[in-house]
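Chain naming here is simple, since letters A, B, ... match the order of the sequence lines and numbering starts at 1 in each. Quick caveat: nothing in here was measured; it's all calculated off a predicted structure.
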Amino acid sequence: MLDIKYIRDNPDEAKRRLATRGVDGGVIDEALVLDAKWREIKFAADNLQAALNKASKAFGPWMGASKKNPQAPAPKDLIDALGETPATPDAAKVALAALGDKQAATQRQADELMQQIEGSLLYVPNLPSSKTPVGASEADNITRKEWGTKPQFTFTPKAHWDLLAGQGFDMEVGGRISGSGFPFFRGKLARLERALINFFLDLHTREHGYTECWTPFMVREETLRNSGQLPKFIDEMYRTDARDDLFMIPTAEVPLTSVHAGEILPDESTPIRYCAFTPCFRREAGAAGKDTRGILRVHQFSKVELMVVTTPEQAEAEHEALTRCAETVLERLELPYRRLELCTADIGFGAARCYDLEVWAAGVGKWLEASSCSHFSDFQARRAKIRVKGKDSGTRLAHTLNGSGLACPRTMIAIIENNQNADGKVRIPDALKPYYGNEWL
RNA sequence: GGAGGAGUGGCAGAGUGGUCGAUUGCGGCGGUUUUGAAAACCGCAGAUGGGGCAACCCAUCCGGGGGUUCGAAUCCCUCCUCCUCCGCCA
């Protein structure tokens, strides 16, 4: 969520920065009008409350005094608050109740305005960082680096669904059990999936300093609001019925971001680096008919996620470091990849800046997004109320970052398609052999 | 699923209708003392929002939400979380 104070002080800048992502500035103008109204009414409500507090404080002693001496004069604070001199404590009670009603009504008005402001602000994406390249579409993303060389073949490399047909790659079985887009692996592919997960986790925990977490896979609405998926992307979520009303997580980012929700962390405790394996559940409502073959785009997949909570000062360096951790996975697996810096038109809803890592898949002949490493600045922290506090720096919102490290299906596709032989055999990368337990798939 | 108990400031732990943002201890910060440190003593310390050029002032916050009352940490309702016991089941 954006900072209403920032919007108040820099409305034109806010609109200009939102415009670079194709967001109309109208929401900003609306928020400003509501905010001005809110402040006026809130001020009135506060003043009424202050008068009421003073009067209530003076009331008790006066009532006591009146019992002994009915002539006891009404206290000044009470007269000030009521604007008249009450004849008796009972008369004052009636007048105070009326004043209380007026205060409550004013407060309610203020609350409703604030709800309106927050209600619309929750749908506004983050402001792009000043370093994010301005662009109009994904065509304006910038390739920051390319690593490795695409494999050369003396034959036409097959796509994974052809290469693996009849070898435990059972999309139809998944379909029978759950519907299309739910992969079912048998035998060596199931083992490969498990090997990848273990390889990812070991690398990040042993070499990159991340703390492994095991998280719930179903979460509350509030948890999804913290990390930015709700309310806007509700159509992307699997949701249980009203008895429990829980959501299946679309990524481990969701539970990990809420680990420190509501906390004020000492600066020295940051950066906090977490990684977790979870299955990810996505309805892919907007992507129907796209990437339908094989496991290019599925409703359930495995992923190891990296997530960092840090100070604003360290965030940029942590973002680079986190991206390097994800790249290291691809390098160890000898998979050619490129790092794209997404432009303003293509970065995700909550991101201020984002690198996509795309891995080359020789069979489908495409670069596949295997990781998206995002810097959220204080966008998620404001929603989740994650703050950091230092001796000299005071209390401020934390910054959060996350990225896949990596997603299994696309990593698996790249391994299989890039390492295939003419006879259909697939070589397992050296780094993965100890986990998979064999040189060939 | 059933029956109980509990949730207070960084932590521990008082407080059962009015002067309580809240006693106290520990921890933290500043100071006195000391060659230095420890100890002792003194002092300062929360978050959020609003108003003001500012000094500063006001409001809110005792798990969340709602209610009773002139007035709620304190009474009532509801939800959440944790603990104990029973039942059921991986």
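- In this structure, NZ of A/K385 is placed 13 Å from C1' of B/G49, rounded to the nearest angstrom.
- Between A/F247 and A/Y238, the ring center distance fails the sub-6.0 Å criterion.
- Ion pairing between a basic and an acidic side chain is recognised when a charged N comes within 4.0 Å of a carboxylate O; A/D245 and A/R239 show such pairing.
- Applying the 4.0 Å criterion to OP1 and OP2 of B/C58, one finds that A/K54 has every side-chain N and O outside that range.
- If you check B/C70, B/A59, B/A47 against the side chain of A/A50, the one that comes closest is B/A59.
- Phosphate contact (OP1/OP2 of B/A47, side-chain N/O of A/T395, threshold under 4.0 Å): present.
- For A/A51 and A/K93, each mapped to the nucleotide of RNA chain B holding its nearest heavy atom, the one lying further toward the 5' end belongs to A/A51.
- In this structure, A/R383 contributes its side chain and A/R225 its backbone to a donor-acceptor pair below 3.5 Å.
- Look at A/N47 and you won't find any side-chain N or O under 4.0 angstrom from OP1 or OP2 of B/C57.
- In this structure, A/E40 places its CD atom 11 Å from P of B/G51, rounding to the nearest Å.
- A salt bridge links A/R273 and A/E318; the closest N-O separation between the charged side-chain nitrogens and carboxylate oxygens is under 4.0 Å.
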Can you give the donor-acceptor pairs under 3.5 Å from side chains of residues 432-441 of chain A to other protein atoms, not counting sequence neighbours?
unit_1 : atom_1 : unit_2 : atom_2 : d
A/K433 : NZ     : A/D430 : OD1    : 2.7
A/Y435 : OH     : A/D202 : OD2    : 2.8
A/N438 : ND2    : A/W440 : O      : 3.1

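- B/C76 and B/G4 are spaced 15 Å apart, taking the P atom of each and rounding to whole Å.
- Side chain of A/I264, nearest nucleotide from B/A59, B/U81, B/A47: B/A47.
- Taking atom CZ on A/R396 and atom P on B/A47, their separation rounds to 13 Å, with Å as the unit.
- Remark: P of B/G65 and CD of A/Q107 are 13 Å apart, rounded to the nearest angstrom.
- The side chain of A/S56 lies closest to B/G71, out of B/G50, B/C58, B/G71.
- Atom CG of A/L99 and atom C1' of B/G71 are 13 Å apart (whole Å).
- Candidate nucleotides B/A47, B/G51, B/C58 were compared by shortest atom distance to the side chain of A/R39, and B/G51 ranks first.
- Comparing the same atom, P, in B/A55 and in B/U69 gives a spacing of 41 Å after rounding to whole Å.
- Here the shortest heavy-atom pairing between A/V134 and A/T344 reads CA-OG1, 3.4 Å.
- In RNA chain B, consecutive stretches of 3 or more Watson-Crick or G-U wobble pairs with both distances under 3.5 Å are given as paired ranges: B:1-7 with B:80-86, B:10-12 with B:24-26, B:28-32 with B:40-44, B:46-51 with B:56-61, B:63-67 with B:75-79.
- Residue A/R387 places no side-chain N or O under 4.0 Å from the OP1 or OP2 atom of B/G10.
- Nearest nucleotide to the side chain of A/Q49, out of B/G71, B/A59, B/A47: B/A59.
- Remark: A/R382 is not in phosphate contact with B/U48, judged by side-chain N or O atoms under 4.0 Å from OP1 or OP2.
- The side chain of A/A97 lies closest to B/C70, out of B/U81, B/G50, B/C70.
- You'll find the ring centres of A/H160 and A/F169 inside the 6.0 Å limit.
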